[in-house]
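See below for the structure under consideration.
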Amino acid sequence: MGKSINLGSGQRPFAAPFINVDINPKWNPDVVADGAHMPMFEDGSVDLIVAHHVAEHYGCGESQPVFAECNRILRPGGSLIVCVPDMRSLAKAWLKGDISTQIYLTNIYGAFMDDEADRHKWGFIRETLTDTLMCSHFRDVKMFDWRKIPGADIAGPDFWILAMEAVK
């Protein structure tokens, strides 16, 4: 595998061969950058990008420029893996009484830890995440198969995690 990026690495940096990218320098990423603007990576220079619980930290419509930038730097056939809370699954579980209100609301609003970047600003279900990725010019969007990826620390699988793979 060639160059891989952990986009929005935050408190969950991935091991080599991943390059950890985050907008907040306090997490000591390898590269400090906003996911919507990564000029340090050339067009078609990356094989894999993982956005692990990142897209929900952007507001309505704000993740599409991030996904478009990922598309720009991915090589043809490269993949973007996106993991987010599954709002539909969480709502169903909460309404049935299978999860506490605290767990439900934490997934909606984020686990605030003294930084505004911790807050969730948007939510996704399978259809809306698929549409956002397709609008970012990915040719194939499917559910992620939960295969092991060397160096990646991806939480899941679990009922409340929506994990999708978009192929350029």
Side-chain angles (χ1 to χ4, degrees), residues 4-15 18-36 38 48-70 79-136 138 141-166:
S4 299
I5 294 175
N6 175 18
L7 183 60
S9 56
Q11 301 173 59
R12 200 178 192 108
F14 290 177
F18 278 88
I19 299 166
N20 294 291
V21 176
D22 200 280
I23 195 168
N24 195 332
K26 84 175 186 179
W27 301 119
N28 299 311
D30 302 312
V31 175
V32 176
D34 180 345
M38 297 185 284
L48 175 66
I49 301 171
V50 177
H52 185 265
H53 292 279
V54 173
E56 66 271 23
H57 294 271
Y58 289 94
C60 178
E62 294 175 350
S63 61
Q64 187 171 344
V66 175
F67 297 153
E69 180 70 347
C70 290
S79 287
L80 168 64
I81 297 169
V82 179
C83 301
V84 294
D86 184 332
M87 292 292 104
R88 180 176 286 142
S89 294
L90 284 159
K92 286 179 180 179
W94 180 66
L95 289 169
K96 286 175 39 183
D98 292 340
I99 60 172
S100 71
T101 298
Q102 178 65 44
I103 295 295
Y104 178 60
L105 294 178
T106 297
N107 277 281
I108 291 175
Y109 298 110
F112 184 73
M113 295 175 288
D114 242 7
D115 193 320
E116 280 303 309
D118 299 329
R119 295 198 193 278
H120 291 183
K121 297 176 183 167
W122 195 247
F124 293 93
I125 60 173
R126 182 177 181 170
E127 294 82 2
T128 59
L129 184 55
T130 298
D131 289 348
T132 303
L133 290 163
M134 294 297 287
C135 287
S136 301
F138 284 92
V141 178
K142 58 191 172 204
M143 297 300 290
F144 176 56
D145 62 8
W146 295 104
R147 67 187 177 278
K148 296 289 182 193
I149 299 172
D153 181 19
I154 299 174
D158 209 333
F159 82 93
W160 63 276
I161 298 174
L162 174 61
M164 302 200 72
E165 183 168 6

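- Here the side chain of Asn20 pairs no donor or acceptor atom with the backbone of Pro13 at under 3.5 angstrom.
- In this structure, the ring-ring contact (aromatic ring centres under 6.0 Å, His included) partners of Trp146, at least two apart in sequence or on a different chain, are Phe144.
- Among all heavy-atom pairs drawn from Gly35 and Tyr58, the shortest one is N-OH, 3.8 Å.
- For Glu165 and Ser79, the side-chain atoms include at least one donor-acceptor pair closer than 3.5 Å.
- With values rounded to the nearest 0.5 angstrom, Asp30 atom CG is found 7.0 Å from Ile19 atom CD1.
- From Thr128, atom OG1 reaches atom CZ of Arg88 across 8.0 Å, with rounding to the nearest 0.5 Å.
- Between the side chains of Ser9 and Trp27, no donor-acceptor pair is found at a separation under 3.5 Å.
- Using a distance-only test at 3.5 Å, with no hydrogens or angles considered, a donor-acceptor pair links the side chain of His57 to the main chain of Arg119.
- By the 4.5 Å heavy-atom criterion applied to side chains, Pro85 and Leu90 are counted as neighbours.
- Applying the salt bridge (Lys or Arg N to Asp or Glu O under 4.0 Å) test to Asp153 and every residue at least two apart in sequence or in another chain returns Arg12.
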_Criterion side chain to side chain donor-acceptor pair (under 3.5 Å) on Trp94 and Thr101, from CA distance to verdict_ = CA-CA 7 Å; Trp94 180 66; Thr101 298; 2.9 Å; yes
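- Residue Tyr109 places its OH atom among 12 or fewer non-hydrogen atoms of other residues, nucleotides or ligands, all under 6.0 Å distant.
- Annotation: side chain of Ile154 is in contact with side chain of Cys83 (closest heavy-atom distance under 4.5 Å).
- The backbone N or O of Gly10 sits less than 3.5 Å from a side-chain atom of Asp22, completing a donor-acceptor pair.
- A salt bridge links Asp115 with Lys26: the distance from a Lys NZ or Arg NE/NH1/NH2 to an Asp or Glu carboxylate oxygen falls below 4.0 Å.
- Side-chain contact between Leu162 and Leu129 is present, with heavy atoms from C-beta onward closer than 4.5 Å.
- Smallest separation of non-hydrogen atoms from Gly59 and Glu62: N-OE1, 2.5 Å.
- Counting heavy atoms from C-beta on, the side chains of Met38 and Val21 come closer than 4.5 Å.
- Here the straight-line distance linking atom CG of Leu133 with atom CG of Leu80 works out to 6.0 Å at 0.5 Å rounding.
- His120 contributes a side-chain N or O that, together with a main-chain N or O of Asn107, makes up a donor-acceptor pair within less than 3.5 Å.
- Looking at heavy atoms from C-beta onward, Val82 lies out of side-chain contact with Phe124 at the 4.5 angstrom threshold.
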*Any chance you could lay out the side-chain contact (heavy atoms from CB on, under 4.5 Å) test for Glu56 and Met87, step after step, and finish with the verdict?*
CA-CA 10 Å; Glu56 66 271 23; Met87 292 292 104; over 6 Å; no
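- Looking at His52, its side chain does come within 3.5 Å of a backbone N or O of Ala155 through a donor-acceptor pair.
- Atom CD in Glu116 sits 7.5 Å away from atom NZ in Lys121 (nearest 0.5 Å).
- Put simply, the side chain of Phe18 reaches to within 4.5 Å of the side chain of Leu48, judged on heavy atoms.
- Closest non-hydrogen pair, His53 versus Trp160, comes out as CE1-CZ3, 3.8 Å.
- Distance alone, capped at 3.5 Å, is enough to place a donor-acceptor pair between the Asp86 side chain and the Ser89 backbone.
- Shortest non-hydrogen contact noted between Asn24 and Pro29 is O-CD, 3.7 Å.
- Considering only residues two or more places apart in sequence or on other chains, Asp145 meets the salt bridge (Lys or Arg N to Asp or Glu O under 4.0 Å) condition with Arg147.
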*Do Met164 and Thr130 pass the side-chain contact (heavy atoms from CB on, under 4.5 Å) test, and can you show the C-alpha distance, the side-chain angles, and the key distance before you say yes or no?*
CA-CA 8 Å; Met164 302 200 72; Thr130 298; 3.1 Å; yes
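- Proximity of Cys135 to Thr132: side-chain heavy atoms (C-beta onward) are nowhere separated by under 4.5 Å.
- Between Leu7 and Cys70, the closest side-chain pair of non-hydrogen atoms falls below 4.5 Å.
- By the 6.0 Å contact criterion, CD on Glu127 is enclosed, its count of non-hydrogen atoms from other residues, nucleotides or ligands being greater than 12.
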